[in-house]
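Because the structure is a prediction, the values reported are computed rather than measured.
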Amino acid sequence: MEHLLPQKLEFLLMFGISLFWTIAYVLIIYKGFKNQTYGVPFAAICLNISWEFLLTFILPFHPLQQIITLVWFLLDCIILLQYLYYSTKILPKRTLYLSVFSLIIIAFLVQYGMAIEFHDTMSLYSAFGINLVMSIFFIKMLLTKELQGQSISIAFFKMIGTLCASILSYSFFPQSVLLTILYILIFIVDAVYILLIHNKSITTVHRSPIYRSIKKVDL
């Protein structure tokens, strides 16, 4: 592992990762309760919670990291409960619970195997792989659920938190071609997501009865 950046800058990036992703999680939970829906796609929830469990309880590499991933794990548990609660209106409980449990176990085993097989003690490959999948699924969720459970603030804090992680990871492993490709792809997809959600927000406002009434008054 290399250190291309000064130690103070690395610390600021670590702080940014923790802060911005925590804010994103809190906003997702708030928006979920407000709209009475879930704010993270099903597959992304299972991948996230299994990764955080792995880094918190099985393969922690630093005490501070362990605390942060524990906080994220607990927040993701709330997001998972939101998904289970609001999805029971659509899917049978038995099918829903079995699907969630099965995917979490599969995700955990694959991520654990990757960490051991590739000597990835920080689980970076799985972390950025999950992030790319999550970014793509957020776009899919926006196209199917409109703005329910989503907001421009969530998209922004998610993007900035991941950007901090990408810069920090590149400073540690600049020689990794795969990780570099993942950084770039995630940034592009996150930028597209922000643009789409911005356009969707404008369209929603223009369609609202309040906006139309104001326009009529202006005319």
Is atom CD of Gln7 surrounded by more than 12 heavy atoms (other residues, nucleotides or ligands) closer than 6.0 Å?
no
Taking all heavy atoms of Ser87 and all of Tyr38, pick out the closest pair and write down the distance.
OG-CE2, 3.7 Å
When you measure from the side chain of Gln111 to the backbone N and O of Ala107, does any donor-acceptor pair fall under 3.5 Å?
yes
Give a yes or no answer on whether the side chain of Ser169 reaches the backbone of Ser166 with a donor-acceptor pair at less than 3.5 Å.
no
Side-chain touch Leu124/Phe172, heavy atoms, less than 4.5 angstrom
no
Do Thr88 side-chain atoms and Tyr85 backbone N/O form a donor-acceptor pair below 3.5 Å?
yes
Under the 3.5 angstrom rule, does the side chain of Gln66 hit a backbone N or O of Thr56 as a donor-acceptor pair?
yes
Once you measure the plane-to-plane angle for Tyr112 and Phe108, does it fall in the parallel (<30°), tilted (30-60°) or perpendicular (>60°) bin?
parallel
Do Tyr86 and Gln148 have a side chain donor and acceptor closer than 3.5 Å?
no
Distance col, row Ile139:CD1 vs Leu196:CG, nearest 0.5 angstrom, shows 5.5 Å
Rounded to the nearest 0.5 Å, what separates atom OG in Ser102 from atom CD1 in Ile105?
8.0 Å
Step through the shown structure and confirm whether more than 12 heavy atoms of other residues, nucleotides or ligands are within 6.0 Å of OH on Tyr97.
yes
On the 0 to 90° scale, with breaks at 30° and 60°, tag the Phe11-Phe15 ring pair as parallel, tilted or perpendicular.
parallel
Classify the angle between the aromatic ring planes of Tyr170 and Tyr183 as parallel (below 30°), tilted (30 to 60°) or perpendicular (above 60°).
perpendicular
Minimal heavy-atom distance between Ser135 and Ile186, with the atoms involved, is OG-CG2, 4.0 Å
Once rounded to the nearest 0.5 Å, what's the spacing between atom CD1 of Ile167 and atom CG of Leu12?
11.5 Å
Spacing of Phe42 atom CZ and Leu91 atom CG [to the nearest 0.5 Å]
9.0 Å
When you measure from the side chain of Gln82 to the backbone of Ile29, do you find a donor-acceptor pair of N or O atoms at a distance under 3.5 Å?
yes
Among Phe137, Phe187, Phe138, exactly one meets ring pair (Phe, Tyr, Trp, His ring centres under 6.0 Å) together with Tyr193. Which residue is that?
Phe138
Using atom types as modelled and distance alone, determine if a side-chain donor or acceptor of Ser151 lies under 3.5 Å from a backbone N or O of Ile154.
yes
CE-CD1 distance between Met141 and Ile136, expressed to the nearest 0.5 angstrom:
14.0 Å
Atom CG of Asn131 and atom CG of Asn48: how far apart are they, to the nearest 0.5 Å?
8.0 Å
